[in-house]
Structures are given as structure tokens and as C-alpha cells.
Amino acid sequence: MTTAAHPLLATAHALAAGLLAPHAARVDQEGVPASHLDAIRCSGLLGVSAPKEYGGAGAPDAVAREIQEILAGACCSTWFVQTQHHSPVRLLTQSALPVRERLLGPLATGELLAGIAFAHVRAFPRVPVRVTAEGGGWRFDGTVPWFTGWGLNDVMLLAGVSEADEVVFAFTQAREQPGLRASEPMRLAALTAARTVSLELDGLWLPDDVVVLRTPQEKFALVDRPRNTNASPAVFGVAYAALRVLEDAGESATAGALRGRLDEVRGQVYALAEHPVPYERVAERLALKTRSYDLMRTATTAAVVAGGGRAMGLDGTAQRLFREGMFLLVQGQTTEVRRAHLDALAQLQGPRPGSRRGRP
């Protein structure tokens with residue numbers, strides 16, 4: 001893994017080693033505590049990419065990526081709650097609308113913690129959330145399938161699509177209110193601790209002055225595409241954590257062989273993430289993403305194998321990392337990413353012994 005001098009990296013390592021990793025098994029079973037998020041709020045990590053004049057660190061993207069990797073490897077559930085926060089911060093940083101002055105400072109300093117409710121926009125031309133101009137603001141109707149951090153976040157960034165195929169992003173409080181109702185937290189195979197719910201919107205009205213972006217759906221899709229074709233830093237965080245489990249089990253040779261391959265792919269992924277045109281070289285990005293998945297799956301499987309029967313205990317690190325890896329396989333998944341991943345898996349398997357290609 002790389003080493004850099006930025007002080008927030010030392011902060012992230014200290015937080016991961018001193019708080020997140022030692023309590024990860026308990027958090028996995030009981031839920032992300034507000035105290036974990038309070039520690040992250042106070043650490044300055046929530047403002048890593050925010051402008052300095054608003055109380056942020058203004059750090060390079062490379063630093064932000066490595067921080068996410070460190071946190072995910074320590075406690076993926078806590079990572080997943082706080083990682084939602086960074087998209088609203090980046091969007092406000094790029095905005096010239098009045099809401100920037102109201103919210104960017106509190107989000108950059110950690111006074112407010114934000115969640116996101118816009119992944120459903122990627123389902124277009126299906127429109128799970130319809131937005132309609134109404135009375136100096138916007139009415140939101142429909143279903144947000146996934147919202148993470150319910151009861152932990154202060155505000156949410158919500159999006160819907162208008163009849164004119166315009167995507168509207170606006171902020172609202174992350175709580176039940178007229179026109180917004182949350183389901184019970186979902187029980188999932190992994191990251192139940194992150195408190196994910198669905199949201200029913202029935203006439204939620206938000207004023208114009210909380211809108212942060214209005215953009216044609218085609219333009220949004222062009223800008224949004226690289227976010228899902230690039231491998232998430234969390235994939236590497238979980239994979240490296242699994243290698244540490246292998247080393248602790250006395251399997252240093254296996255861990256070393258996998259680490260070399262993981263280092264190589266990570267370097268390629270992060271180099272491509274710095275490409276000046278983020279929506280170019282999509283095929284290469286997808287190929288590297290699927291290779292990253294393969295290595296994460298191999299590393300977490302190896303950790304389970306090395307642990308034997310002990311790995312089946314719900315307090316075991318290996319099985320938790322394995323389940324977290326399973327979650328990351330589908331987190332933020334689009335049709336394009338799914339197709340590339342399934343095609344890569346089919347090529348890895350090849351024809352069955354004694355079978356003819358193409359036979360059922």
C-alpha cells in the first residue's frame with residue numbers, strides 16, 4: 001500500500017486501528033453507533049475534499065481514495081455510512097446556487113452528516129422518483145429503494161427526474177416528514193449495521209432554495225458513468241484486510257503472492273482514476289474493476305479457508321470480510337457493470353470438461 005505525508009492519512013490510520021477495527025465484529029452484529037460517526041465528524045475526514053475556505057482540507061483525490069480504503073478495511077459498515085457524505089460535499093463544491101453557502105461549511109466541518117438518495121436515477125428510462133415543478137419548488141413522488149444511514153444522517157441529497165427528463169437534486173432533512181416515510185431498516189446478508197431503508201415519497205415538497213443541481217439526464221449519465229466503472233477503494237480495503245488475516249494465520253506465502261497482484265491492479269485502477277477525461281477508456285476501467293473483484297474474492301475466500309471451522313463464527317473476522325466483499329460486488333451496480341462482471345466470470349470458468357461449447 002502507498003504511503004503519503006498528508007496528515008489526514010495518519011488520522012484515518014489512527015481511527016481505524018484505535019476504534020473501528022477493534023469493534024468491527026460488534027458493529028457488524030449490533031449496528032453502527034453514533035459514537036463512531038461522532039469520532040469521524042471530529043477527525044476532519046468528512047471534509048477531506050471540501051475547500052479550505054469552508055473548513056475542509058482541500059486534499060487531492062488520491063488522499064480521499066486512500067482514506068476510504070483505510071476505513072473500509074477497518075469497519076466496512078461504518079465506512080459505508082460515512083462514504084455517502086462525500087458526494088453531497090463534492091456536488092456543493094461545484095455548485096453556484098445559494099444552498100452552497102448554507103450547507104457546504106457545516107458538511108465540510110462535520111457539523112452535519114449527509115446521506116444520498118439518488119442511485120435510482122441510474123435506472124432511467126425507468127423513473128422510480130418523479131419530480132414536478134410546483135409552487136416555487138418541487139414535488140417528489142415515488143420510491144427510493146435504498147437509503148443508508150437512516151437515523152444517523154442529518155440531511156439527505158435527494159434526486160428525481162422530471163417529465164422533461166431533467167434530473168433535479170435537492171437537500172432535505174433525513175427524517176420522516178410530510179410526504180416522506182421510511183421503511184424499517186433492512187436485514188441484509190452484509191452491512192445490516194449501516195441502517196439501510198427504503199423511502200416512500202408521496203408529495204414531498206422542497207423549495208427552490210434547497211436545489212443544488214438541475215441537469216439534463218443525458219448530461220448526468222455522462223458525468224456519473226465513471227463513478228461506477230471505476231473500482232471502489234473499499235474493494236482494496238477489504239482485500240488488504242483479508243490478507244492481514246491470512247498473515248496472522250501463518251499463511252504469509254499465500255498472502256504475499258496475492259498482495260503483489262493486488263498492489264499491481266490497485267496501482268492501475270488509481271492511475272486511471274486520475275485520467276483527465278473521466279468518461280473515456282470505459283472498457284479498460286471495467287476490466288480493471290472486475291479484476292479487482294476477482295482479487296478481493298480470492299483474498300476473502302483464502303482468509304476463510306485459512307481459518308477453517310473457526311471462520312464460521314459470527315465474531316470471526318474472515319467471514320465478516322467475506323460477506324462485506326459480497327456486498328461490494330453489487331454496491332452501486334449498474335447494468336453495464338453487471339454485464340461486464342458476468343462476462344468476465346463466464347470467461348474465467350470456461351467450458352466444462354467433456355462438454356461442447358454452446359450445449360446446454
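Each residue takes its place number in the sequence, starting with 1.
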Using 30° and 60° as the class limits, which term best fits the ring planes of Phe327 and Phe80: parallel, tilted or perpendicular?
perpendicular

When you measure from the side chain of [X] to the backbone N and O of [Y], does any donor-acceptor pair fall under 3.5 Å?
| X | Y | answer |
| --- | --- | --- |
| Ser162 | Glu166 | yes |
| Ser43 | Ile40 | yes |
| Arg195 | Gly149 | no |
| Ser183 | Ser198 | yes |
| Glu176 | Ala182 | yes |
| Ser95 | Arg100 | no |
| Arg130 | Val161 | yes |
| Thr290 | Leu286 | yes |
| Arg285 | Glu280 | yes |
| His120 | Gly160 | no |

Test of understanding: with ring-ring contact (aromatic ring centres under 6.0 Å, His included), list the residues that count as partners of His86, not counting sequence neighbours.
none

If you count heavy atoms of other groups shown closer than 6.0 angstrom to CZ of Phe171, is the number above 12?
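More than 12 within 6.0 Å, yes.
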
If you count heavy atoms of other groups shown closer than 6.0 angstrom to CZ of Arg181, is the number above 12?
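Check fails, neighbour count at 12 or below.
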
Does any non-hydrogen side-chain atom of Pro88 lie less than 4.5 Å from one of Ile116?
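Yes, close enough: below the 4.5 Å cut-off.
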
Does Glu69 come within less than 4.0 Å of Arg65, counting only side-chain N to carboxylate O?
no

Just by distance, with hydrogens left out, do [X] and [Y] show a side-chain donor and acceptor under 3.5 Å apart?
| X | Y | value |
| --- | --- | --- |
| Thr143 | Glu200 | yes |
| Arg90 | Ser49 | yes |
| Arg323 | Gln319 | yes |
| Thr83 | Gln68 | yes |
| Tyr240 | Asp263 | yes |

Decide yes or no on side chain to side chain donor-acceptor pair (under 3.5 Å) for Thr172 and Gln177, but give the supporting numbers first.
CA-CA 10 Å; Thr172 187; Gln177 54 188 293; 3.1 Å; yes

Nearest-0.5 Å distance that lies between atom CD in Glu251 and atom CG in Leu258
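Taking CD in Glu251 and CG in Leu258, the distance rounds to 11.0 Å.
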
Give a yes or no on whether the ring-centroid distance for Phe220 and Phe124 is below 6.0 angstrom.
no

Return each pair, listed once, that meets salt bridge (Lys or Arg N to Asp or Glu O under 4.0 Å) where at least one residue sits in residues 304-319; pairs must be two or more places apart or across chains.
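For residues 304-319: none.
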
